A.B. asks: 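Input: one structure, supplied below.
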Amino acid sequence: MTSLPVIIAGGGIGGLAAALGLARKGVASVVLERSAELGEIGAGIQIGPNAFHCFDYLGIGDEARARAVYIDSLRLMDGLSGEQIAAIPLDDKFRQRFRNPYAVVHRADLHCVLLDACRASDLVELRTSHAVSRYEQDGSKLRVFSGDRSPIDGSALIGADGLRSDIRQQLVGDGEPRVSGHTTYRSVIPTEQMPEDLRWNAATLWAGPKCHIVHYPLKGWKLFNLVVTYHNDVQQAVAGKPVSKDEVRRGFEHIAPRARQIIEYGEDWKLWVLCDRDPILDWVDGRVALLGDAAHPMLQYFAQGACMAMEDAVCLSHMFEQHGDDIEAALNQYMLKRRVRTARVQLDSRLIGEYIYHAAGATAEVRNHVMSNLTPEQWFDKLGWLYGGTGLDT
Ligand SMILES: Cc1cc2nc3c(=O)[nH]c(=O)nc-3n(C[C@H](O)[C@H](O)[C@H](O)COP(=O)(O)OP(=O)(O)OC[C@H]3O[C@@H](n4cnc5c(N)ncnc54)[C@H](O)[C@@H]3O)c2cc1C
């Protein structure tokens, strides 16, 4: 059975990273992607230094670095007063501390780097229009089903099929994700349309009561990524639905005009209702394991979901190398190595959403007081557990 390929359900960032990592260890895989085309949405993504370690491990360090925009700081602004609360410098000291930079990149560019590397590998086969529906295994055989197509035999199945993972439903069976009641609206605009006094080389967060605005440059400064979020307590999960500017404006009427004006410059806004899940302790069933959002979907507030998926891919490949033909042991060790760290990011993402991004009243005052008094070294110490990770050391 070990001569059979590993089957990976999902060709997102996590699934492709897993295929690449396994190929580096000489393990063949077949990626089954539900969509007719492999790709990513047209928005930005922040990548911490921990993700850069993953790029190097996966052999795509140069290509990924070439596509990134290297910002100077993570800037936190008070959305009510319009004043800066804090700026975490991403300078040489940051890079020395974490042995890598912090950057932003267009999702399609990052996905493309992963995809090109997968296409260039003899050990990765990519099949689109394959929605994996279920698996069967009996200890000696693993079979994966994709609608009415012929089943595929594999040595293992990695469920990298995202927030609404079908593999998770069979493996864990915990139903629909938790709908947070926070809705994110995204737009990407040409840099010349961004207000001149906000063209900062920073990932900027304007934090306000029950809402926030994020912006940063993308694609060699040709574009600005706009992500704005507010609590509208909707209970229905929606992804990528076009919306009017009026709907976007609605959640920001109480915000300082300097921040609020950004919404006016965005076009073609689309919305995502944010969802996550409670952490779980077991995401392996024999020769089947989950990875990325399928295993530990999180709110976006740490900007780490994709970084965690890449760390998973690194850890998974490393465990395949360590355990040779004992695939069940490899998957189990992978999960044991990953579950506490990823659970911490899931839980902390909720907390920082509440206490930093969307704080009001006294909570916001405490936030401003604490965060404005931290030195860069104190920030680095606080973030060390997260940005110091590599996927190998968790
Ligand atoms: C607003 C927002 C901002 C974010 N910002 C950041 C950020 O700055 N930094 C960061 O690191 N993360 C960020 N994230 C999180 C990040 O986008 C996700 O964590 C990451 O994309 C997860 O990758 P994945 O491969 O696990 O899942 P996905 O990207 O969801 O990929 C899953 C793939 O599986 C396919 N699929 C689904 N079902 C099946 C099936 N049954 N069979 C086969 N294929 C299937 C899908 O079509 C898809 O291609 C953000 C998320 C949001 C919502």
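A quick note: this is a predicted structure, and the numbers were derived from the prediction, not measured. Order of listing sets the numbers, starting from 1, for every ligand and every atom in it.
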A.B. asks: Could you tell me whether D166 and ligand 1 have an N or O pair separated by under 3.5 Å?
C.D. replies: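 Min N/O separation from ligand 1 is below 3.5 Å for D166.
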A.B. asks: Check ligand 1 against I13 and write out every atom of the ligand that is under 4.0 Å from a heavy-atom position of the residue.
C.D. replies: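 Heavy-atom distances to I13 below 4.0 Å select 25 (O).
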A.B. asks: Does any N/O atom on V132 come nearer than 3.5 Å to any N/O atom on ligand 1?
C.D. replies: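 Right, the criterion is met.
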A.B. asks: Counting heavy atoms only, which part of L32 comes closer than 4.0 Å to ligand 1: side chain, backbone, both or neither?
C.D. replies: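 It is the backbone that gets close, since no side chain atom is under 4.0 Å.
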A.B. asks: Can you list the ligand 1 atoms lying under 4.0 Å from a non-hydrogen atom of C307?
C.D. replies: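 Those qualifying, in numeric order: 11 (O).
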A.B. asks: State plainly whether the residues D92 and R95 are in salt-bridge range, i.e. N to O under 4.0 Å.
C.D. replies: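 Judged by the 4.0 Å cut-off on N to carboxylate O distance, D92 and R95 do not form a salt bridge.
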A.B. asks: Test your reading of the structure: does L163 have an N or O sitting under 3.5 Å from an N or O of ligand 1?
C.D. replies: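 Between L163 and ligand 1, no N or O pair is found under 3.5 Å apart.
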A.B. asks: Test of understanding: given a 4.0 Å heavy-atom threshold, classify the contact between Q304 and ligand 1 as side chain, backbone, both, or neither.
C.D. replies: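 Q304 to ligand 1: backbone contact only, side chain stays beyond 4.0 Å.
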A.B. asks: Mind checking whether H130 contacts ligand 1 via backbone (N, CA, C, O), side chain (CB onward), both or neither, at a 4.0 Å heavy-atom cut-off?
C.D. replies: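 Backbone only; the side chain of H130 stays clear of ligand 1.
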A.B. asks: Quick one: are the ring centres of Y387 and F380 less than 6.0 Å apart?
C.D. replies: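 Y387 vs F380: aromatic centres not under 6.0 Å.
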A.B. asks: Counting non-hydrogen protein atoms only, what is the nearest one to atom 25 (O) of ligand 1? Give residue, atom name and distance.
C.D. replies: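 The closest heavy atom on the protein side is G14 N, 2.8 Å.
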A.B. asks: Check whether the side chains of R65 and N100 place a donor and an acceptor atom closer than 3.5 Å, and report yes or no.
C.D. replies: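 Indeed, the side chains of R65 and N100 share at least one donor-acceptor pair under 3.5 Å.
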A.B. asks: For atom 2 (C) of ligand 1, what is the nearest protein heavy atom, given as residue, atom name and distance?
C.D. replies: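 Answer for atom 2 (C) of ligand 1: R186 NH2, 2.9 Å.
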A.B. asks: Side chain or backbone, does G292 bring an N or O within less than 3.5 Å of an N or O on ligand 1?
C.D. replies: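 No, no N or O pair falls under 3.5 Å.
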A.B. asks: Run the numbers on R97 and D381 for salt bridge (charged side-chain N to carboxylate O under 4.0 Å, His left out), then give the verdict.
C.D. replies: CA-CA 9 Å; R97 169 74 183 257; D381 288 345; 2.8 Å; yes
A.B. asks: List ligand 1 atoms under 4.0 Å from A303, heavy atoms only on the residue side.
C.D. replies: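 It comes down to these atoms of ligand 1: 7 (C), 8 (O), 9 (N), 10 (C), 11 (O).
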A.B. asks: Taking distance alone, with no angle check, do L274 and ligand 1 share an N/O pair under 3.5 Å?
C.D. replies: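 In fact, backbone or side chain, L274 has no N or O that close.
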A.B. asks: Is a donor from one side chain sitting under 3.5 angstrom from an acceptor on the other, for N50 and Q304?
C.D. replies: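 Per modelled atom types, N50 and Q304 side chains form a pair under 3.5 Å.
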A.B. asks: Between W272 and R186, is there a cation-pi geometry (under 6.0 Å to ring centre, at most 45° from the normal)?
C.D. replies: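 Yes, R186 and W272 form such a contact.
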A.B. asks: Looking only at N/O atoms, are A294 and ligand 1 under 3.5 Å apart anywhere?
C.D. replies: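 No - when backbone and side-chain N and O of A294 are compared with those of ligand 1, no distance drops under 3.5 Å.
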A.B. asks: Can you pull out the closest protein heavy atom to atom 8 (O) of ligand 1? Residue, atom name and distance to 0.1 Å, please.
C.D. replies: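 That would be Q46 N, 2.8 Å.
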A.B. asks: Quick one: nearest non-hydrogen protein atom to atom 32 (C) of ligand 1, plus distance?
C.D. replies: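 Of every protein heavy atom, A160 O, 3.5 Å lies nearest to atom 32 (C) of ligand 1.
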A.B. asks: In terms of side-chain heavy atoms, does H215 have a donor or acceptor partner in W200 at a distance below 3.5 Å?
C.D. replies: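 Their side chains do not contain a donor-acceptor pair, so the 3.5 Å distance test is not met.
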A.B. asks: Mind listing the closest non-hydrogen atom pair of G79 and I255 along with its distance?
C.D. replies: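 The pair with the smallest heavy-atom distance is O-CG2, 3.4 Å.
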A.B. asks: Starting from atom 39 (C) of ligand 1, what is the nearest protein heavy atom, named by residue and atom, and what distance separates them?
C.D. replies: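 So the nearest neighbour among protein heavy atoms is D161 CB, 3.5 Å.
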A.B. asks: Only one of T183, L163, T229 clears side-chain contact (heavy atoms from CB on, under 4.5 Å) with L274; which?
C.D. replies: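 When side-chain contact (heavy atoms from CB on, under 4.5 Å) is applied between L274 and each of T183, L163, T229, only T229 qualifies.
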A.B. asks: Picking from V27, I7, V6, D325, what satisfies side-chain contact (heavy atoms from CB on, under 4.5 Å) with S155?
C.D. replies: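 So the option named by the test is V6.
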A.B. asks: Considering only residues two or more places apart or on different chains, which pairs with a residue in residues 19-58 satisfy ring-ring contact (aromatic ring centres under 6.0 Å, His included)?
C.D. replies: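 Found F52-F55.
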A.B. asks: In the protein, which heavy atom is nearest to atom 44 (N) of ligand 1, and how far is it?
C.D. replies: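 Result: R34 N, 3.1 Å.
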A.B. asks: One thing to verify: whether K141 and D153 come together as a salt bridge, which I'm taking to mean a side-chain N less than 4.0 angstrom from a carboxylate O.
C.D. replies: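 K141 and D153: not salt-bridged.
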A.B. asks: With backbone taken as N, CA, C and O and side chain as the heavy atoms from C-beta onward, which portion of T184 lies under 4.0 Å from ligand 1: side chain, backbone, both, or neither?
C.D. replies: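 The answer is the side chain of T184.
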A.B. asks: Would you mind running through ligand 1 and noting each atom that sits below 4.0 Å from a heavy atom of G162?
C.D. replies: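 Checking each atom against G162, I get 27 (O), 30 (O), 32 (C).
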A.B. asks: G12 heavy atoms, cut-off 4.0 Å: which ligand 1 atoms fall inside?
C.D. replies: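 What qualifies from ligand 1 is 25 (O), 31 (O), 33 (C), 49 (O).
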A.B. asks: Give every donor-acceptor pair under 3.5 Å between a side-chain atom in residues 356-364 and any protein atom, sequence neighbours left out.
C.D. replies:
from : atom 1 : to   : atom 2 : distance (Å)
Y357 : OH     : Y301 : O      : 2.7
H358 : ND1    : H231 : NE2    : 2.8
H358 : NE2    : H212 : ND1    : 2.8

A.B. asks: Inspect the contact between R260 and E253 and indicate whether a charged nitrogen and a carboxylate oxygen are less than 4.0 angstrom apart.
C.D. replies: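 No, this pair does not count.
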A.B. asks: Provide the number and element of each atom of ligand 1 under 4.0 Å from a heavy atom of S35.
C.D. replies: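 What qualifies from ligand 1 is 47 (O).
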A.B. asks: Below 4.0 angstrom from a heavy atom of G10, which ligand 1 atoms are there? Numbered from 1 as shown, please.
C.D. replies: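 That gives atoms 33 (C), 34 (O), 35 (C), 43 (C), 44 (N) of ligand 1.
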A.B. asks: Using a 3.5 Å cut-off on N or O atoms only, is A131 in polar contact with ligand 1?
C.D. replies: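 Such a contact does not occur with ligand 1.
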A.B. asks: Would you call R34 and D161 a salt bridge, taking side-chain N to carboxylate O under 4.0 Å as the test?
C.D. replies: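 No, no charged N to carboxylate O under 4.0 Å.
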A.B. asks: Can you pull out the closest protein heavy atom to atom 5 (N) of ligand 1? Residue, atom name and distance to 0.1 Å, please.
C.D. replies: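 Result for atom 5 (N) of ligand 1: R107 NH2, 3.8 Å.
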A.B. asks: Just to confirm my output: which protein heavy-atom neighbour is closest to atom 26 (O) of ligand 1, and how far is it?
C.D. replies: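 Result: D293 N, 2.9 Å.
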